Amino acid sequence: MVKIIVVGSASMDLVVTSAKRPGAGETVLGDSFSTVPGGKGANQAVAAARLGADVTMIGRVGDDPFGVEIVNNLKRNHVSVDYVEPVTHCGSGTAHIILAEGDNSIVVIKAANNEVTPHYIDRSLDAFNKADMVMIQQEMPEETVTHVSRICRKLGIPLLLNPAPARPLEKEVIENAAYLTPNEHEAKMIFADMTVSEALRKYPNKLFITEGSRGVRYFDGTQEVLVPSYKVEAVDTTGAGDTFNAAFAVALAEGKPVYESVRFANRAASLSVTKFGAQGGMPSRQEVEVQI
């Protein structure tokens, strides 16, 4: 069983479903409302655990009912929470999600996730022992991402950086990461002075651009490769990217070739959108392997 460390956000998703997404100044009648545990870090931790990895989460929650439920949910999904501590001076992070017209719109409030600081990471260094892969996202302070990238480089641990939400990345962070998985929008921001093909060629087998229903694109050192996605009837696309990243990390940590790792991750992501909630549809290892 591979050991994966997830440094990231843990939040509560407040989800509204509606046939129509409101425009500026517009009010529409929705269909339903629910609260479900989320946050890109917690999502990726849960997805990796369901796929058979030994997962430890490093993060913060608020000292509030949302924080209690977030931690309990991680425990139920067999994610170690030894390094998930409550913050007393602010609430848990939240994501405000509208599901409409076959896609989602999300506003994230980081709150306690801002307390995943470099100092907090230094207090959690024991968690990195014997890690096969570290995963990180950007719903936390920018300096923390840089700090973790330096730790991974120093310790020789592969770092998979999912650069979401989108913001510019320091060159040092890009160089320190073993794998970088932006979507198309994020890739354009990070590599604003390059075409997609130029960026892919500069970072062979390192930069993997997710293109939604089309699949995932990367450069294998010889040619540009598009690994197609699997066609399914989507119910809720929230968390599909997190499932992809977790499955990709698990497959790579297990030593699978790059193409097969992307294919495995694409299948896991496709299964994740067939049920409601960011974590609701995240598949087990058996479900993914039966379908490949």
Side-chain angles (χ1 to χ4, degrees), residues 1-12 37-62 67-87 92-93 110 112-141 144-162 164 176-179 181 239 242-255 265 268 278-279 282-285:
M1 181 183 294
V2 294
K3 181 176 181 180
I4 291 181
I5 305 300
V6 179
V7 182
S9 57
S11 304
M12 188 62 73
K40 296 192 73 63
N43 288 344
Q44 293 180 16
V46 167
R50 290 185 186 172
L51 293 169
D54 176 4
V55 183
T56 296
M57 175 87 188
I58 300 177
R60 306 298 298 269
V61 295
V68 172
E69 175 53 27
I70 291 165
V71 170
N72 286 341
N73 180 69
L74 289 168
K75 291 179 179 178
R76 286 193 296 269
N77 283 280
H78 308 291
V79 174
S80 171
V81 295
D82 292 345
Y83 300 92
V84 180
E85 295 183 8
V87 179
S92 296
K110 292 192 288 184
N113 293 305
N114 270 330
E115 301 303 315
V116 186
T117 61
H119 175 68
Y120 184 71
I121 297 300
D122 287 342
R123 289 169 47 201
S124 309
L125 284 178
D126 286 348
F128 289 80
N129 292 335
K130 299 181 181 178
D132 296 299
M133 181 80 69
V134 172
M135 302 178 66
I136 196 167
Q137 322 79 37
Q138 298 199 125
E139 291 177 342
M140 69 186 73
T144 302
V145 177
T146 302
H147 189 61
V148 171
S149 79
R150 290 170 178 166
I151 290 171
C152 289
R153 187 180 186 93
K154 180 179 179 180
L155 297 178
I157 305 170
L159 174 67
L160 189 154
L161 169 57
N162 175 214
N176 287 347
Y179 306 99
T181 58
D242 296 329
T243 304
F244 170 85
N245 279 277
F248 190 41
V250 171
L252 289 168
E254 291 177 346
Q279 298 176 16
M282 288 178 171
S284 67
R285 182 63 174 255

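Computed over heavy atoms, backbone and side chain alike; hydrogens, waters and symmetry mates excluded. As the structure is a computational prediction, the values presented were derived from the model and not from experiment. The first residue in the sequence is number 1, and the count goes up from there.
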Those residues at least two apart in sequence (or on a different chain) that pass side-chain contact (heavy atoms from CB on, under 4.5 Å) with Ala265 are Phe244, Ala247, Phe248
For a quick test of reading the model, state the closest non-hydrogen atom pair linking Ala49 to His78 and the distance between them.
CB-O, 4.3 Å
Of all the heavy-atom pairs spanning Thr144 and Pro118, show the shortest one and how long it is.
OG1-CD, 3.3 Å
Residues which pass side chain to side chain donor-acceptor pair (under 3.5 Å) with Arg150, listed by chain and number, not counting sequence neighbours
Glu172
For Val250 and Ala53, which heavy atoms make the closest approach, and how far apart are they?
CG2-CB, 4.0 Å
So which atom in Ala131 and which in Ile5 form the shortest heavy-atom distance, rounded to 0.1 Å?
CB-CG1, 3.7 Å
Is there a donor-acceptor pair under 3.5 Å between the side chain of Tyr120 and the backbone N or O of Gly59?
yes
List the atom of Ala45, the atom of Val79, and the distance in Å for their closest heavy-atom pair.
O-CG2, 3.6 Å
Could you tell me if the side chain of Val71 sits less than 4.5 Å from the side chain of Pro86, heavy atoms only?
no
If you look only at pairs with a residue in residues 118-127, which of them pass as a salt bridge (charged side-chain N to carboxylate O under 4.0 Å, His left out), with sequence neighbours excluded?
Glu85-Arg123
Measuring from atom SG of Cys152 to atom CE of Met133, what distance do you get when rounded to the nearest 0.5 angstrom?
10.0 Å
Begin from the C-alpha positions of Asn245 and Lys40 and carry the test side chain to side chain contact (heavy atoms under 4.5 Å, CB included) through to its verdict.
CA-CA 10 Å; Asn245 279 277; Lys40 296 192 73 63; over 6 Å; no
Residues two or more places apart in sequence or in another chain: which of them pass salt bridge (charged side-chain N to carboxylate O under 4.0 Å, His left out) with Glu254?
Lys256, Arg285
Of the options Leu161, Leu160, Leu159, which is the one that meets Tyr179 in a side-chain contact (heavy atoms from CB on, under 4.5 Å)?
Leu160
side-chain contact (heavy atoms from CB on, under 4.5 Å) involving Asp132 - partner list, sequence neighbours excluded
Val2, Lys3, Ala253
Spacing of CD1 belonging to Ile58 relative to CZ belonging to Phe128, to within rounding of 0.5 Å
4.5 Å
Can you list everything that forms a side chain to side chain donor-acceptor pair (under 3.5 Å) with Ser92? Sequence neighbours excluded, please.
Asp64
Where do Glu69 and Pro37 come nearest, in terms of heavy atoms and distance?
OE2-CG, 4.1 Å
Using the rule given for side chain to side chain contact (heavy atoms under 4.5 Å, CB included), can you reason through Asn114 versus Val87, listing the C-alpha separation, both sets of side-chain angles and the distance that settles it, and then say yes or no?
CA-CA 10 Å; Asn114 270 330; Val87 179; over 6 Å; no
Who passes side-chain contact (heavy atoms from CB on, under 4.5 Å) against Asn113, sequence neighbours left out?
Ser9, Ser11, Lys110
Does any pair with a residue in residues 41-57 pass side-chain hydrogen bond (donor to acceptor under 3.5 Å, both in side chains), and if so which ones, sequence neighbours excluded?
Asn43-Asp242, Asn43-Gln279, Gln44-Gln137, Gln44-Asn162, Gln44-Asp242, Arg50-Asn77
